[in-house]
Amino acid sequence: GGGARGARGWCWAAASPGVSGPIPVPRAPGRADAGAMTGASRRLLRSASTAAEVEAALDGLPSNPALREALLARYAESAERPKKDPTAAVRSALLRALRPLVLSADRDLLETALLTYEYGTHGENAGSLRAAALLALAELDGDLATLHAVHFLVDGFADVMSGEPGVTAVELLATRGEIETLYMVSLRGGCLAPSGVYGQEVLGLALRSLTALPASLVLDLAEQLFESTDDVALIGLIDLLCSHAEPAAFAGWLQRWASETERFNALRYAAAQAVASHREPLVEALRQAASSTRERDRKTILEEALSLA
């Protein structure tokens with residue numbers, strides 16, 4: 001007959017010929033077992049020493065009160081011993097996991113994280129923690145999160161590799177339609193601080209988000225970046241020109257820039273993007289630049305893109 005259900009998640013199948021006794025067979029988890037926060041999961045979470053290990057410990061677990069409790073407990077342990085989390089990677093991963101479970105009771109925890117600055121051999125290194133806390137706070141209070149985002153762009157501290165928390169701050173401001181702040185960030189080269197430089201990506205993201213800015217002001221930004229050697233910022237600008245509602249306003253600028261720039265990687269991107277976006281005034285500007293140039297490499301870049309128009 002059929003096997004009887006036993007303890008510890010096994011069912012006992014009838015023995016095969018030549019084998020004595022029932023054979024234990026793992027059974028599929030039932031409704032009560034699926035995604036449970038097991039002791040093994042808790043141990044993995046408590047022992048995690050990297051963001052990847054935190055994510056592995058949480059893989060497949062449902063967002064429920066038990067998980068929330070475990071995340072808060074592990075975060076408290078890590079916050080008490082920050083030297084064991086020297087780049088705040090573990091705490092950042094925990095807050096990212098907490099985001100869909102965040103409650104008003106977590107507000108103090110998040111505001112403490114938002115004001116956490118820690119220093120190591122390479123300078124301040126808790127940017128990812130502040131970025132994760134910013135997104136979690138935005139779930140509770142978007143207006144307050146916006147103010148913290150502006151603060152991050154003023155204080156000038158950023159991870160040299162990721163640009164955090166500036167990148168997340170700009171993305172949040174863009175989501176909330178804070179065009180005035182993003183315009184100021186763009187005018188100031190990606191950072192509102194008198195001193196202190198964010199990564200290139202911050203300026204590129206800020207520029208890309210300014211599609212609602214009047215064409216005359218976008219053109220002014222483009223003129224400021226005409227001789228830029230920052231390819232990431234130039235790519236952000238090109239994305240803005242190609243997505244703006246008035247592409248004809250930028251045709252003259254694009255023709256001049258395409259004829260003179262030495263940033264050939266950015267030029268290659270600009271040509272491909274203008275063609276892909278089907279912005280005829282910009283495509284025509286590139287045709288004019290291609291027909292007038294005597295530089296073989298420049299002409300090749302432009303003509304290759306234009307062949308797809």
Side-chain angles (χ1 to χ4, degrees), residues 51 82 85-96 98-99 110-213 217-218 221 224-225 228-240 243 266:
D85 184 24
T87 62
V90 169
R91 283 167 288 164
S92 303
L94 291 167
L95 288 190
R96 287 194 294 271
L98 181 66
R99 182 181 174 189
L110 295 176
E111 292 205 60
T112 298
L114 286 162
L115 298 175
T116 296
Y117 292 77
E118 296 174 352
Y119 298 85
T121 305
H122 302 292
E124 203 287 317
N125 55 19
S128 64
L129 175 62
R130 298 194 297 280
L134 182 67
L135 292 179
L137 180 64
E139 300 291 336
L140 298 176
D141 188 335
D143 291 339
L144 181 58
T146 296
L147 294 176
H148 278 285
V150 174
H151 171 76
F152 291 153
L153 295 174
V154 171
D155 71 12
F157 288 100
D159 184 279
V160 294
M161 297 299 293
S162 68
E164 293 291 11
V167 168
T168 295
V170 167
E171 290 174 341
L172 177 64
L173 292 170
T175 298
R176 292 182 59 79
E178 298 288 336
I179 187 172
E180 295 89 349
T181 303
L182 293 166
Y183 179 46
M184 179 66 76
V185 170
S186 299
L187 286 171
R188 297 290 294 271
C191 184
L192 295 179
S195 61
V197 178
Y198 267 118
Q200 297 172 317
E201 191 175 354
V202 170
L203 177 55
L205 285 170
L207 289 165
R208 197 173 284 116
S209 68
L210 294 176
T211 53
L213 199 67
L217 296 181
V218 173
L221 285 171
Q224 292 185 40
L225 290 168
S228 175
T229 59
D230 182 344
D231 284 353
V232 177
L234 287 169
I235 287 171
L237 174 65
I238 295 302
D239 284 341
L240 170 58
S243 57

Closest non-hydrogen atom pair, L172 against A149: CD2-CB, 4.3 Å
Less than 4.5 Å apart, any side-chain heavy atom of V170 and any of L182? yes
Taking the side chain as everything from C-beta on, heavy atoms only, tell me whether L225 gets closer than 4.5 Å to L207. yes
Name all pairs fulfilling the salt bridge (Lys or Arg N to Asp or Glu O under 4.0 Å) condition that reach into residues 170-182, sequence neighbours left out, sorted by first residue then second. D143-R176
How long is the gap from OG1 on T146 to NE2 on H151, to the nearest 0.5 Å? 14.5 Å
Tell me the closest heavy-atom pair linking I179 and L213, and the distance in Å. CD1-N, 3.5 Å
Is there side-chain contact between L210 and S186, with at least one heavy-atom pair below 4.5 Å? yes
Check whether any side-chain heavy atom of R188 sits under 4.5 Å from a side-chain heavy atom of L153, and report yes or no. no
Can you sort out the partners of D230 under salt bridge (charged side-chain N to carboxylate O under 4.0 Å, His left out), two or more places apart, ordered by chain and number? none
Shortest non-hydrogen contact from A206 to V185? CB-CG1, 3.9 Å
Taking side chain as C-beta onward, heavy atoms only, is L173 less than 4.5 Å from V150? yes
Mind listing the closest non-hydrogen atom pair of L114 and Y117 along with its distance? O-CE1, 4.3 Å
Evaluation steps, side chain to side chain contact (heavy atoms under 4.5 Å, CB included), between L187 and Q224: CA-CA 9 Å; L187 286 171; Q224 292 185 40; 3.5 Å; yes
Rounding to 0.5 Å, atoms CG (L135) and CZ (R96) come to a distance of 9.5 Å
Checking S228 now: which residues fulfil side-chain hydrogen bond (donor to acceptor under 3.5 Å, both in side chains) with it, not counting sequence neighbours? none
What class does the angle between the rings of H148 and F152 fall in, given that below 30° is parallel, 30 to 60° is tilted and above 60° is perpendicular? tilted
Euclidean distance, L240 CG relative to I235 CD1, rounded to 0.5 Å: 14.0 Å
How many angstroms lie between CG in L129 and CG in L94, if you round to the nearest 0.5 Å? 10.0 Å
Start with the C-alpha gap between L203 and V232, add the side-chain angles, then the distance that decides, and say whether side chain to side chain contact (heavy atoms under 4.5 Å, CB included) holds. CA-CA 8 Å; L203 177 55; V232 177; over 6 Å; no
Heavy-atom distance under 4.5 Å between the side chains of L110 and L140, does that happen here? yes
What is the minimum heavy-atom distance between G163 and V202, and which atoms define it? O-CG2, 4.1 Å
Could you list the residues that satisfy side-chain hydrogen bond (donor to acceptor under 3.5 Å, both in side chains) with R208, not counting sequence neighbours? D239
Can you measure from CG (D85) to OG1 (T87) and round to the nearest 0.5 angstrom? 6.0 Å
Quick one: side-chain hydrogen bond (donor to acceptor under 3.5 Å, both in side chains) pairs with a partner in residues 125-134, sequence neighbours left out? S92-S128, E124-R130
Within the distance-only criterion (no hydrogens, no angle test), does the side chain of E201 pair as donor or acceptor with the backbone N or O of L205 below 3.5 angstrom? no
Looking at every non-hydrogen atom in both residues, tell me the closest pair between A113 and A133 and how far apart they are. CB-CB, 3.7 Å
Could I get the full list of side-chain hydrogen bond (donor to acceptor under 3.5 Å, both in side chains) partners for S162, not counting sequence neighbours? D159
